[in-house]
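Have a look at the structure below before the remarks.
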Amino acid sequence: MQPPPEVFDLFAVPADATPVPGGQGHSVLAGDLVLSPGRSAATADWLNPLLARLAADLDHEQPRSLRVAMPIPTRDLQWVEAGWGATRFEPGARPCRDLDVLLATGRLLHAHLAGLLASPPPALDARDDRWARAARAAFGDPTGGPGRVSPEVRTLVADLTARLDAPGTEASDLGPDQLVHGDLAGNVLLDAAGLPVVIDVAPYWRPALWAEAVCVLDAVLWLGAHPAVMGEWSMGPRGQAMMRAAIFRVLSDDPCDVTAYRRVLGLAPATRS
């Protein structure tokens, strides 16, 4: 997938793009920028200035422990052009698949993000894509919901919901809502010096423990993390966070591998009526 000519022009890079490995395979490298499609201007307009300041602050920390990919605006100071956004390319970076590193990175990132906003921006609350609706459904918001899903997905969501809110453990036990990265697994690189670089921040206003549970679930399902780690996320607030992470992922995946989720979450196959 190639950007249209005006994207190359406004981001001031050569119109000679090559695919960037990893992710969903849609981003391209042009000059010293990674161009990615499917970007929302409404989200980028409030998120990218925060990330740009955070990226600059982290690059001046000593010792450095975390980096965030620097978002780059167009020549006319827009963050998105024709649905494409840009970040600075990280030469020599490689994908991070180590769950311990991913979790440590997430905790550092969320500690920084917690101080950036006191309340969610209106544009974040107004999101109505399938991921936003799935996150609302995972936290019992009636404005969320599964929409049109298969009977297998609907049954799985019902089974997960039945595990929620065990006596003495409510959603409030997950901690305060804050700005979090809801898609951390697969979006952390290790730069040439071995420092983690966070890319493609997927913003949500949810507890950091929920974002961590999403990371664990994704890493076990798709990055080869050992399934035994799920035992650490089976009871108490962590168990509740994991169930809400699973509802979110099951409802936002298209298509959804119901069998994989049931296996990883220790749920018996659904009985046929």
Min side-chain heavy-atom separation [X]-[Y] under 4.5 Å:
{"X": "Met230", "Y": "Leu217", "value": "yes"}
{"X": "Leu251", "Y": "Val157", "value": "yes"}
{"X": "Pro3", "Y": "Val28", "value": "yes"}
{"X": "Val7", "Y": "Gln2", "value": "no"}
{"X": "Leu47", "Y": "Leu124", "value": "no"}
{"X": "Arg133", "Y": "Asp128", "value": "yes"}
{"X": "Leu117", "Y": "Trp205", "value": "yes"}
{"X": "Phe139", "Y": "Ile247", "value": "no"}

Can you see which heavy atom on [X] is nearest to which on [Y], and at what distance?
{"X": "Pro71", "Y": "Pro73", "value": "O-CD, 4.1 Å"}
{"X": "Leu174", "Y": "Ala241", "value": "CD2-N, 3.8 Å"}
{"X": "Pro91", "Y": "Ala192", "value": "O-CB, 4.3 Å"}
{"X": "Ala30", "Y": "Phe8", "value": "CB-CE2, 3.9 Å"}
{"X": "Leu113", "Y": "His181", "value": "CD1-N, 4.3 Å"}
{"X": "Trp46", "Y": "Ala123", "value": "CD1-CB, 3.8 Å"}

What is the distance from atom [atom1] of [X] to atom [atom2] of [Y], rounded to the nearest 0.5 Å?
{"X": "Glu152", "Y": "Arg262", "atom1": "CD", "atom2": "CZ", "result": "9.5 Å"}
{"X": "Ser40", "Y": "Asp129", "atom1": "OG", "atom2": "CG", "result": "8.5 Å"}
{"X": "Gln240", "Y": "Arg163", "atom1": "CD", "atom2": "CZ", "result": "10.5 Å"}
{"X": "Leu265", "Y": "Ser234", "atom1": "CG", "atom2": "OG", "result": "11.0 Å"}
{"X": "Arg67", "Y": "Leu58", "atom1": "CZ", "atom2": "CG", "result": "9.5 Å"}
{"X": "Asp59", "Y": "Leu195", "atom1": "CG", "atom2": "CG", "result": "9.5 Å"}

Evaluate Cys96 against Thr105 for side-chain contact (heavy atoms from CB on, under 4.5 Å), listing each step before the verdict.
CA-CA 10 Å; Cys96 176; Thr105 299; over 6 Å; no
Sub-3.5 Å donor-acceptor pair from the side chain of [X] to the main-chain atoms of [Y], do we have one?
{"X": "Arg238", "Y": "Ala213", "result": "no"}
{"X": "Glu81", "Y": "Glu6", "result": "no"}
{"X": "Arg127", "Y": "Pro203", "result": "yes"}

One thing to verify: whether Arg136 and Asp125 come together as a salt bridge, which I'm taking to mean a side-chain N less than 4.0 angstrom from a carboxylate O.
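Answer for the salt bridge query: no.
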Should Asp183 and Arg249 count as an ion pair when the cut-off is N to O under 4.0 Å?
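Salt bridge present between Asp183 and Arg249.
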Residue pairs involving residues 220-252 (criterion ring pair (Phe, Tyr, Trp, His ring centres under 6.0 Å); sequence neighbours excluded)
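Listed once each, the pairs are Tyr204-Phe248, Trp210-Phe248.
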Is there a path of hydrophobic side-chain contacts, each under 4.5 Å between heavy atoms of I, L, V, M, F, W or Y residues, that connects [X] with [Y]?
{"X": "Val197", "Y": "Leu33", "answer": "no"}
{"X": "Leu103", "Y": "Leu189", "answer": "no"}
{"X": "Val220", "Y": "Tyr261", "answer": "yes"}
{"X": "Met243", "Y": "Met235", "answer": "no"}
{"X": "Leu179", "Y": "Trp79", "answer": "no"}

Matching residue for [X] among [options] - test: side chain to side chain contact (heavy atoms under 4.5 Å, CB included):
{"X": "Leu54", "options": "Leu66, Val68, Val198", "result": "Val68"}
{"X": "Val216", "options": "Leu184, Leu102, Val229, Leu221", "result": "Val229"}
{"X": "Leu29", "options": "Thr18, Asp16, Val13", "result": "Thr18"}

Evaluate side-chain contact (heavy atoms from CB on, under 4.5 Å) for Val180 paired with Glu212, printing each intermediate quantity in order.
CA-CA 9 Å; Val180 297; Glu212 190 169 320; over 6 Å; no
Show, in sequence, the C-alpha distance, side-chain angles and deciding distance for Arg244 and Val214, and conclude whether the side-chain contact (heavy atoms from CB on, under 4.5 Å) test is met.
CA-CA 9 Å; Arg244 295 180 193 278; Val214 174; over 6 Å; no
Quick one: do Val34 and Ile199 satisfy side-chain contact (heavy atoms from CB on, under 4.5 Å)? Show the steps, please.
CA-CA 11 Å; Val34 174; Ile199 63 174; over 6 Å; no
